[in-house]
Amino acid sequence: GGRGRGLRSDGAWTFAAARENVQAGGKGGRGSGRSGRGGGGRGGGGGRHYGHDDRLSHVAKSDNLKNKHGGGAIWRGPGAKGRGKGKGQVKVAPVVQRVDEEALGRHCEVHKAHGASVTCMAMTPQGIFTGSTDKSLKRWKPNKEADGRFSLHPEITVPLTDSCHSLLCNGGWMFCGLWSGNIQAFSPDGVDLQLTGHTRRVTSMLIHQSVLISGGADREVRLWQHDAGTKTFNCTHTLSDSMPGPISKLIVLGVNLFIGGMNGVAVVNLESLVVSKILPPTRAVVDMLEFQGHVIVAYSEGSLRIFDAEGTLKTETKPLAAGSMTSIAGLDSGPRVLCGHTQGQVSTIALPNFEFRTHFQALDGFKVESILCAGHDGIFLIGSSDGTVQLWQRLG
């Protein structure tokens, strides 16, 4: 196999050369070499932090995802040990570090960035924050290396009172939704607050017109207002009637609050705070995303639906080939919807025509717990159920 532009003789993909290759319309070859010591798989012990190694190694070409030893892709059934609970049989292929047909490349991987699942991530001017079920919050600084690739370096670790399941950064505040149902909030001047009210894990939070809105696995949505005098947050309203089961995601669109849960999507009018409609189907919602005045809803079995601001269905997809879904995110480059799956794949869907493009194996069978798009330069991060964090970029 030829090396192609952008691939060094040791198999590593330099982003500067790859960018030229994308702009020139070329595809780049597969390369023939491997990177040096400890560069294969999820990294050996030669890295700088928690034994990670973010050098790029030789990878299988992503358009067929064949095993480079000729054995084909691996089948993992629902009973595959420690590798997610996907329904049916899903192919787990060799991990790739570039996806030529989508101009995607992996900058780095921090193996065991956390001691447990990376459930949530947030982008701030100060750096990238990751929250985990290891009861910690970490801040990472991206550094550009000489070859044009970014690496991630840990700056701060903040201990939390429980497992973290959602993150929200707004106005200098950092809100952490915890397993216990509490929200641990850190103010810009260093105050550490506990917002108590939910009785099970807090899965989604947003700010709308200075009101903090939170949803939890306790089937409740709570509205909180900040009291500047006491520097605390008070719960002013609790919504529990007609909720779609344990809640997974909240999105505000116009005058409506879309609530995704175990039994579908409920639409709440924010003026009356009453559920105005339940959107079929009554399937488990894993994530939602706003796009151009519409809501993209991802269901656990792998299908997607787009609704307008009033909750009218506009389009839908059949379950994606990569199977059970965990999370979605909107990438500025393309633009694309990135869909994370339980067996470590990521699917890409082109917007605005909502056309499936491809899927690729980002993680070695571990669940894609979270995806964060930086909002610029096609950069996105993947958080794994084994605590690993990857940084990717779409060029062009």
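All heavy atoms count here, side chains included; hydrogens, waters and symmetry mates do not.
Ion pair Asp377/Arg394 not flagged as a salt bridge, since none of the NZ, NE, NH1 or NH2 atoms sits closer than 4.0 Å to an Asp/Glu carboxylate oxygen. Using a 4.0 Å cut-off between a side-chain N of Lys or Arg and a carboxylate O of Asp or Glu, Arg283 and Glu301 qualify as a salt bridge.
In summary, the side chains of Ser117 and Thr119 do not present any donor paired with an acceptor at a separation below 3.5 Å, with no hydrogens or angles considered. Using modelled atom types and a 3.5 Å distance limit, the side chains of Gln194 and Asn182 yield a donor-acceptor pair. Side chain to side chain, His114 and Thr130 meet the donor-acceptor criterion of an N or O pair below 3.5 Å.
The minimum heavy-atom distance linking Gly344 with Gln361 is given by the pair C-NE2, 3.6 Å. Nearest heavy-atom pair, Thr133 versus Ala116, reported as atom, atom and distance to 0.1 Å: OG1-CB, 3.1 Å. When all heavy atoms are compared, the tightest approach of Val297 to Met288 is CG2-SD, 3.9 Å. Of all non-hydrogen atoms in Ile251 and Glu290, the two that sit nearest each other are CD1-N, 3.6 Å. Contact record, Ala217 with Pro246: O-CB, 3.6 Å, taken as the closest heavy-atom pair. For the pair Val202 and Ser166, the tightest heavy-atom approach, listed with the atom from each and the gap, is O-OG, 2.8 Å.
Partners of Thr199 according to the side chain to side chain contact (heavy atoms under 4.5 Å, CB included) rule, which considers only residues two or more places apart in sequence or in another chain, are Asp218. A search for side chain to side chain contact (heavy atoms under 4.5 Å, CB included) contacts involving Gln209 returns nothing, not counting sequence neighbours. Shown here are the side chain to side chain contact (heavy atoms under 4.5 Å, CB included) partners of Thr317, two or more places apart in sequence or in another chain: Ser303, Leu304, Phe354. For His165, the ring pair (Phe, Tyr, Trp, His ring centres under 6.0 Å) test picks out Trp179, with sequence neighbours left out. Evaluation of the side chain to side chain contact (heavy atoms under 4.5 Å, CB included) rule for Thr238 yields Glu220, Arg222, Cys235 as partners, not counting sequence neighbours. Legend: residues meeting side chain to side chain donor-acceptor pair (under 3.5 Å) with Ser384, ordered by chain and number and at least two apart, are Asp386.
Taking a 4.5 Å side-chain heavy-atom cut-off between Ile, Leu, Val, Met, Phe, Trp and Tyr, the cluster of Val274 contains only that residue.
Taking the side chain as every heavy atom from C-beta outward, Met243 and Val221 approach each other to under 4.5 Å. Looking at Thr388 and Phe366, their side chains never come closer than 4.5 Å, going by heavy atoms from C-beta outward. Contact annotation: the side chain of Phe258 approaches that of Leu279 to within less than 4.5 Å [non-hydrogen atoms, C-beta and beyond]. Side-chain contact between Leu178 and Cys176: present, with at least one pair of heavy atoms (C-beta onward) separated by less than 4.5 Å. Residues Glu316 and Ile306 fail the side-chain proximity criterion, which asks for heavy atoms closer than 4.5 Å. With contacts defined as side-chain heavy-atom distances shorter than 4.5 Å, the pair Arg98/Leu104 does not qualify. Considering only heavy atoms from C-beta on, Leu363 stays 4.5 Å or farther from His341 through its side chain. Within the 4.5 Å cutoff, the side chain of Glu101 has heavy atoms near those of the Thr358 side chain.
Note on residues 252-268: no pairs pass salt bridge (Lys or Arg N to Asp or Glu O under 4.0 Å), not counting sequence neighbours. Sorted by first and then second residue, the ring-ring contact (aromatic ring centres under 6.0 Å, His included) pairs with a member in residues 193-231 read Trp173-His226, His226-Phe233; sequence neighbours excluded. Within the structure, salt bridge (Lys or Arg N to Asp or Glu O under 4.0 Å) contacts touching residues 238-259 (residues at least two apart or in different chains) are Lys249-Asp287. For the salt bridge (Lys or Arg N to Asp or Glu O under 4.0 Å) condition, the pairs that include at least one residue of residues 319-337, sequence neighbours left out, are Glu102-Arg336. Residue pairs meeting the ring-ring contact (aromatic ring centres under 6.0 Å, His included) criterion with at least one partner in residues 263-308, sequence neighbours excluded, do not occur; the list is empty.
Atom CE of Met123 is surrounded by more than 12 heavy atoms from other residues, nucleotides or ligands within 6.0 Å.
Proximity of the aromatic rings of Trp140 and Phe150 is defined here by a centroid distance below 6.0 angstrom, and this criterion is not met.
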Q: Please report the C-alpha distance between Asp162 and Arg201 in whole Å, then the side-chain angles of each, then the deciding distance to 0.1 Å, and finally whether the salt bridge (charged side-chain N to carboxylate O under 4.0 Å, His left out) criterion is met.
A: CA-CA 10 Å; Asp162 211 336; Arg201 71 183 182 277; over 6 Å; no

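Hydrophobic clustering of Ile, Leu, Val, Met, Phe, Trp and Tyr side chains at less than 4.5 Å, counting indirect connections, unites Met205 with Ile207.
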